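Just below is one structure, and these are the notes that go with it.
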Amino acid sequence: MNKFFTLLFLGTIAFTARAQTAPSTQPYGKIDQADLEMKACDFEKDANAEVLFNKGNLYYGDDLKSIVIESHKRIKIFNENGNKEANIQIPYEGGDHKEYINGIEAETINLVDGKVEITKLDKKLIYNKVIDKWHSEVTFAMPNIKPGCIIEYKYKWNANYNAAIPYWDFQERIPVRYSELATSIPDVFYFRPDPRMHQPLIRHTVATDTKVMKVLTHTFDTGGTGNGATGTQDSETFTYNVENEVRGMANIASLPQEPYMSSFADNVQSIGLNLVSVKPINGFNSTLSDTWAKVGGILADDEDFGDQLKRSLNKERDIINTASGLKTGDEKIAYIFNEVKNGMKWNGVDRWYTIDGTSKAWDNKTGNSAEINLILYHLLKQSGINAYPMVVGTRDYGKVSRYNTSTIEFNRAVVYVPVDSIKYYVLDATGKYNLYNETPAELLNSLGLYIDKSKKLFDTVYLKNDLSVRQIVMINGNIKADGKLDGTAQLVSFGYNKVNTVKNYKENGEKKYMDNLSDGDNNLKISAVKFEGMDVDTLPLTQKVDFNLDLVGSDGNYIYLNPNLFTSLKKNLFLSDKRMTDIDFGYLQNYSINGTYKMPPGYKIDVLPKTVTIIMPDRSITFKRIIQEQDGDIIVRYSINYTKAEYSKDNYSDFHEFYKKMYELLNEQIVLKKS
């Protein structure tokens with residue numbers, strides 16, 4: 001496996017340290033009494049736990065061929081909800097013994113009747129878990145966990161290569177009082193710094209040391225003695241500089257899971273370095289994977305990626321022959337895609353490389369994302385489709401950074417099919433409800449790198465969907481004098497809306513699906529649902545619904561109707577005044593909601609919401625509402641159109657205010673009064 005590892009960074013900013021004193025840290029085993037007595041986090045009062053400090057010290061081995069990071073972390077647990085922080089996982093790349101973890105020490109400190117009680121971790125309870133042939137992790141559970149305790153552990157991460165520096169996240173899912181990374185990097189290595197932070201460093205120092213390295217040299221004499229080569233051994237001394245840099249950040253709020261955030265990795269405050277070139281002490285500069293073309297070449301030559309592309313599959317001829325008999329390229333693509341999607345089971349593992357290989361995965365009918373999609377690529381290619389393997393980063397994994405050229409940016413292999421100069425398909429057969437002609441939503445708004453091994457062509461494509469994904473709701477209802485509404489609804493779902501609906505229905509079953517369709521409204525009863533177009537990729541999904549609704553608040557004199565039905569737009573998910581992460585809807589959206597409601601005899605309109613249009617300040621969202629009476633019917637029209645899929649947290653104030661107003665208008669009621 002020839003994987004090249006570098007560090008993910010997502011943006012360069014200038015920064016300076018504040019003139020403050022960093023919070024105190026102590027050596028392993030020495031605990032402040034005040035920390036043991038502390039009842040809550042000073043800057044996040046409702047936190048269940050807090051990282052008191054997390055310190056990393058990175059340095060190179062004397063021969064400059066290895067890297068070590070010494071880590072020391074201390075966590076305060078405030079209550080039982082914080083106990084999960086005592087389950088420790090330390091991931092590393094165990095394949096080829098490239099990395100390993102050692103020097104683990106861990107202990108739990110409690111304050112019992114005013115006295116310090118220390119419980120050390122039994123090293124027999126430290127487990128090394130092999131995830132696959134390249135990934136491993138060390139796991140252990142801290143002992144004697146009680147509310148108010150402090151846990152701390154330290155270890156060494158060792159890499160038997162000199163190319164990678166792991167991520168350093170200053171921010172975590174719980175608040176962090178202080179986080180610090182110290183690095184000592186020889187000037188033999190050139191790293192491109194790319195910090196991602198919006199909070200200033202409280203500590204930032206840089207100093208340079210000079211070091212001397214002794215390198216053994218050999219002189220060989222192959223003169224005709226008949227005894228082979230002989231020679232002498234000597235050594236040379238080389239001088240190089242080491243840049244020692246310390247970065248520290250304090251009082252970092254926890255990073256919450258917010259509605260429509262892209263991923264933790266995309267939003268966390270972090271620091272790291274991307275290795276670009278190496279200047280050997282006694283040689284010439286060598287550049288590494290500093291372009292996507294070089295990364296593509298690495299993938300093409302990898303035994304678990306490029307070498308898998310032409311592996312034959314058992315009985316593949318049956319599928320290829322059937323595909324060859326189809327008329328159009330789309331028919332061939334759809335047929336092969338569905339054969340692989342329905343015939344293979346994804347084991348839930350995302351990798352850009354194979355573990356068992358495509359042939360074995362095909363025989364077993366199960367595999368990881370690379371195995372399934374490289375099988376798909378092979379069958380498409382053998383059927384004459386212009387297809388390429390592609391590597392991507394999923395939404396949960398984190399978006400691919402355009403400027404950090406490394407295989408570590410990717411976690412899934414898919415298939416790229418360019419149709420013409422504008423149109424393309426991105427196929428992923430791991431999702432049972434994916435469509436061949438719709439790029440999976442979890443891959444949008446990020447880069448994909450495609451590989452043409454035969455032509456040695458490697459390039460990136462920004463994956464996006466420029467077309468609004470439509471959702472149409474049409475309702476015909478009869479309002480009864482007894483405060484009930486009987487009616488029919490037709491729901492037409494396109495693209496991702498169709499994918500999500502079909503998944504919901506098939507995974508949950510009809511009864512639960514109908515409960516979900518009523519959106520938690522116990523007054524809404526659905527008596528029947530009929531589907532059309534569910535299993536045809538090129539058609540939208542149409543649902544025909546029969547329903548009745550008790551109109552809450554109606555009392556014989558007044559009838560109250562909220563026409564916002566079957567829209568999934570009743571609850572505003574952006575109620576919080578503050579936002580810590582960017583908003584990523586994934587794709588553009590367009591809602592069209594139309595209703596015709598016949599009024600009961602003897603009633604007239606008392607309150608009719610006004611026709612109104614509101615537009616976001618940046619004009620990216622337009623909401624229109626038209627409500628009018630016509631010949632005893634109430635005609636309702638809502639239209640919501642998005643021209644952007646992503647919104648920065650920096651502009652959340654405008655977004656928040658717009659959504660607040662839009663949901664007020666969506667849920668404004670029509671009032672009828674008895675004549």
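The structure displayed is predicted, hence computed values, not measured ones.
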Q. Which of parallel (below 30°), tilted (30 to 60°) and perpendicular (above 60°) describes Phe585 and Phe574?
A. perpendicular
Q | Any side-chain heavy-atom pair of Lys55 and Asn57 under 4.5 Å | A | no
Q. Please walk me through it: do Thr407 and Val295 pass side-chain contact (heavy atoms from CB on, under 4.5 Å)?
A. CA-CA 7 Å; Thr407 59; Val295 175; 3.8 Å; yes
Q | Qualifying residues under salt bridge (Lys or Arg N to Asp or Glu O under 4.0 Å), relative to Arg412, sequence neighbours excluded | A | Asp350, Asp428, Glu442
Q: Work out which heavy atom in Leu666 is nearest to a heavy atom in Asn564; give both atom names and the distance.
A: O-CB, 3.4 Å
Q. Of all residues at least two apart in sequence or in a different chain, which pass the salt bridge (Lys or Arg N to Asp or Glu O under 4.0 Å) check with Asp618?
A. Lys644
Q | Nearest non-hydrogen partners of Ile670 and Pro609, listed with the distance | A | CG1-CD, 3.7 Å
Q. With a 4.0 Å cut-off, would you call Arg625 and Glu668 a salt bridge?
A. yes
Q) Any donor-acceptor pair under 3.5 Å linking the side chain of Thr542 with the backbone of Val492? A) no
Q | Lys578 vs Tyr652 side-chain heavy atoms within contact, under 4.5 Å | A | no
Q | Nearest-0.5 Å distance, OH of residue Tyr153 to NZ of residue Lys73 | A | 4.0 Å
Q) Is the gap between the ring centers of Tyr591 and Tyr638 under 6.0 Å? A) no
Q) Which pair of non-hydrogen atoms, one from Asn590 and one from Ser468, has the smallest distance, and what is that distance? A) CB-CB, 3.9 Å
Q: Please report the closest heavy-atom contact between Thr611 and Ile627, naming both atoms and the distance.
A: OG1-N, 3.6 Å
Q: Any chance you could measure His135, atom NE2, to Tyr92, atom OH, to the nearest 0.5 Å?
A: 12.0 Å
Kindly list each side-chain donor-acceptor pair under 3.5 angstrom involving residues 250-261, sequence neighbours excluded, with atom names and distances?
{"residue": "Ser254", "atom": "OG", "partner": "Glu44", "partner atom": "OE1", "Å": "3.4"}
{"residue": "Ser254", "atom": "OG", "partner": "Glu44", "partner atom": "OE2", "Å": "2.5"}
{"residue": "Glu258", "atom": "OE1", "partner": "Met580", "partner atom": "N", "Å": "3.2"}
{"residue": "Glu258", "atom": "OE1", "partner": "Thr581", "partner atom": "N", "Å": "2.9"}
{"residue": "Glu258", "atom": "OE1", "partner": "Thr581", "partner atom": "OG1", "Å": "2.6"}
{"residue": "Glu258", "atom": "OE2", "partner": "Met580", "partner atom": "N", "Å": "3.3"}

**Q.** Approximate separation, where rounding is to 0.5 Å, of Tyr505 OH and Lys512 NZ
**A.** 14.5 Å
Q. Stepwise, does the ring-ring contact (aromatic ring centres under 6.0 Å, His included) test hold for Phe410 with Trp292?
A. CA-CA 12 Å; Phe410 309 109; Trp292 287 121; 5.6 Å; yes
(Q) Can you list everything that forms a side-chain hydrogen bond (donor to acceptor under 3.5 Å, both in side chains) with Asp459? Sequence neighbours excluded, please. (A) none
Q) Any side-chain heavy atom of Tyr647 sitting closer than 4.5 Å to one from Tyr642? A) yes
Q) Rounded to the nearest 0.5 Å, what separation is found between the OG atom of Ser179 and the CD1 atom of Ile202? A) 12.0 Å
Q: State, yes or no, whether a side-chain contact exists between His72 and Thr25 at a heavy-atom distance under 4.5 Å.
A: no
**Q.** Any Asp519 side-chain heavy atom under 4.5 Å of Ser568 side chain
**A.** no
**Q.** Steps toward side-chain contact (heavy atoms from CB on, under 4.5 Å) verdict (Val419, Tyr424)
**A.** CA-CA 5 Å; Val419 178; Tyr424 61 82; 5.5 Å; no
Q: Look at the aromatic rings of Phe170 and Trp168 and report parallel, tilted or perpendicular, splitting at 30° and 60°.
A: perpendicular
Q) How far does NZ of Lys610 sit from CG of Leu665, to the nearest 0.5 angstrom? A) 11.5 Å
Q) Can you name the ring pair (Phe, Tyr, Trp, His ring centres under 6.0 Å) partners of Phe566, sequence neighbours left out? A) Phe547
Q.
A side-chain contact here means heavy atoms from C-beta on lying under 4.5 Å apart; do Thr622 and Thr613 qualify?
A. yes
Q | Set of residues satisfying side-chain hydrogen bond (donor to acceptor under 3.5 Å, both in side chains) with respect to Asp654, sequence neighbours excluded | A | none
Q. Quick one: which of Leu565, Asp550, Leu524, Ile475 gives a side-chain contact (heavy atoms from CB on, under 4.5 Å) with Leu485?
A. Leu565
Q.
Treating Thr183 as the side-chain partner and Ile185 as the backbone partner, does any N or O pair qualify as donor plus acceptor under 3.5 Å?
A. no
Q: For Gln199, enumerate each residue passing the side-chain hydrogen bond (donor to acceptor under 3.5 Å, both in side chains) test, keeping only those at least two apart in sequence or located in another chain.
A: Gln269
Q: With sequence neighbours left out, write down each residue that passes salt bridge (Lys or Arg N to Asp or Glu O under 4.0 Å) with Asp606, or none if nothing qualifies.
A: none
Q: Say whether, by atom type as modelled, one donor and one acceptor occur between the side chain of Lys649 and the main chain of Asn267 under 3.5 angstrom.
A: no
Q: Side-chain contact test, heavy atoms from C-beta onward, threshold under 4.5 Å: evaluate it for Asn373 versus Thr430 and give yes or no.
A: yes
Q | Heavy-atom side-chain proximity of Phe623 to Asn641 below 4.5 angstrom | A | no
Q: Mind checking ring pair (Phe, Tyr, Trp, His ring centres under 6.0 Å) for Tyr178 and listing every partner two or more places apart, or none if nothing turns up?
A: none
Q.
According to side chain to side chain donor-acceptor pair (under 3.5 Å), does anything in residues 78-91 pair up with another residue at least two apart or in another chain? List the pairs.
A. Asn48-Asn79
Q) Stepwise, does the side-chain contact (heavy atoms from CB on, under 4.5 Å) test hold for Val246 with Arg203? A) CA-CA 7 Å; Val246 178; Arg203 183 182 182 194; 3.9 Å; yes
Q) What are the two closest heavy atoms between Ser493 and Gln471, and how far apart are they? A) OG-OE1, 2.9 Å
**Q.** Least distance between heavy atoms, Asp521 atom then Asn523 atom
**A.** OD1-N, 2.9 Å
Q) Got a sec, which residues hit salt bridge (Lys or Arg N to Asp or Glu O under 4.0 Å) with Lys464, two or more places apart in sequence or on another chain? A) Asp466
(Q) For the CZ atom on Arg637, are there more than 12 heavy atoms of other groups (residues, nucleotides or ligands in this structure) within a distance under 6.0 Å? (A) yes
**Q.** Straight-line distance of Tyr496 OH to Thr439 OG1, nearest 0.5 Å
**A.** 5.0 Å
Q. For atom NZ of Lys570, is the number of surrounding heavy atoms from other residues, nucleotides or ligands below 6.0 Å larger than 12?
A. yes
**Q.** Residues in side-chain hydrogen bond (donor to acceptor under 3.5 Å, both in side chains) contact with Glu646, at least two apart in sequence or another chain
**A.** Lys399
Q) Step by step, would you call Arg177 with Asp35 a salt bridge (charged side-chain N to carboxylate O under 4.0 Å, His left out)? A) CA-CA 11 Å; Arg177 187 164 71 185; Asp35 287 340; 3.1 Å; yes
Q: Tell me, with the steps shown, if Glu245 and His204 meet side-chain contact (heavy atoms from CB on, under 4.5 Å).
A: CA-CA 7 Å; Glu245 190 162 3; His204 188 193; 2.6 Å; yes
**Q.** Polar side chain donor-acceptor pair, Tyr513 to Gln543, under 3.5 angstrom
**A.** yes
